[in-house]
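Okay, structure first, notes after.
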Amino acid sequence: MKPLAVTPDAERVVVDYLIAALAARAQDVTVGVNVPSAWTQGTKAHVQVGLDGTPVVQYPILASASVRVTCWHATTTAAKALAALCEGLLCSHPGSAQIGSVRSLTGVLPTRDPDTGAQLASVSVRVNLRYAVLA
Amino acid sequence: MDVINLDYGAIGQILKNDMRGPIDELAAKVAARVDVGSVTDAEVTVTAATTDRAKAYVTIAHPAGLAIQAKYGALTKAAASLGLEVHGGGDGLVDYVSKSGRRSRITAAQAANYSRGRT
């Protein structure tokens, strides 16, 4: 019989990891799952983390989540640099109880948000989540 | 010794012709699941293409299309809901046919090098 097991919340673990890793590199940014629709040029740079789905599930061992990281910045250069840093931090994730490994899916892609004028740059990664067996 | 000869021409025809229907069908399903949110005039298009195999492109044909994907993951969510994972394009390799007619997959730089002086 298979054990009862659950995956961690991909958004939660990525947000927590990026908050710590970006702070350790002295990046003055906010990190969250929210879309900052009231963003202005004066707003602090924002790292938006979104779970786009979990196309591969190998219960009760591993689930591969597609996670999109979109950086909001005043200039496209800064947005792309921040997105590249997030990609590097994620792909060099050392592994933990929740995350087995992280692989790159799509590299840095810039665009502009027509609603707020923010410069956006996004990357997407595959986060291999480890199941936790429930007692 | 037994030898297995792969019929690359036939494999190519399967990838180009037999896969045309299933690819178009899947692309239409992905397109139908793309949620463009409040950008109600954004059209989601499907474009069929053939390289060395049948392909289809699903596009948010709107100036805000890239931003819709960056902010809401509209295309990736639609693909993931059908068990598809979206990743960077291709393996970076190209089809190369040697002077003797042998076909192989090599990098673009290798192909340019091998093809020097050939017309």
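Worth knowing before you read on, the calculation uses all heavy atoms, side chains too, and leaves out hydrogens, waters and symmetry mates.
Closest of all the heavy-atom pairs between T106(A) and V86(B) is CG2-O, 4.3 Å. Annotation for V35(A) and Y72(B): closest pair CG2-CE2, 3.9 Å, computed over non-hydrogen atoms. Closest of all the heavy-atom pairs between S66(A) and E85(B) is OG-CG, 4.0 Å. A80(B) and G53(A) get closest at one heavy-atom pair: CB-CA, 3.8 Å.
For L109(A), the part sitting under 4.5 Å from any heavy atom of chain B is the side chain, from C-beta outward, and nothing else. With a threshold of 4.5 angstrom between heavy atoms, S81(B) does not approach chain A through any atom at all. Interface remark: R103(A) contributes no atoms to any contact with chain B (heavy atom separation under 4.5 Å). With a 4.5 Å cut-off on non-hydrogen atoms, L66(B) touches chain A through its backbone and its side chain both.
The hydrophobic clustering, which links ILVMFWY residues whose side-chain heavy atoms are closer than 4.5 Å, places V123(A) and L120(A) apart. Y57(B) and L15(B) are members of different hydrophobic clusters when ILVMFWY side chains are connected at heavy-atom separations under 4.5 Å. Cluster annotation: L62(A) is not connected to V57(A) through the hydrophobic network of ILVMFWY side chains, with a link wherever side-chain heavy atoms come within less than 4.5 Å. Residues V108(A) and W72(A) fall into different hydrophobic clusters, defined by Ile, Leu, Val, Met, Phe, Trp and Tyr side chains chained together at heavy-atom separations under 4.5 Å. Cluster membership check: L51(A) shares its hydrophobic cluster with V15(A), using side-chain heavy-atom separations under 4.5 Å among Ile, Leu, Val, Met, Phe, Trp and Tyr.
Rounded to the nearest 0.5 angstrom, Q69(B) CD and S124(A) OG are separated by 8.0 Å.
Of the possible donor and acceptor atoms, one in the side chain of T70(A) sits under 3.5 Å from a partner among the backbone N and O of A70(B). Remark: side-chain polar atoms of Q48(A) are paired, donor with acceptor, to backbone N or O of K71(B) under 3.5 angstrom.
In terms of the side-chain contact (heavy atoms from CB on, under 4.5 Å) criterion, residue partners of L22(A) (sequence neighbours excluded) are, by chain and number, L18(A), Q27(A), V29(A), V31(A), V47(A), L82(A), L85(A), C86(A), L89(A).
For Y59(A), the OH atom is densely surrounded, since the number of other residues' heavy atoms within 6.0 Å is greater than 12.
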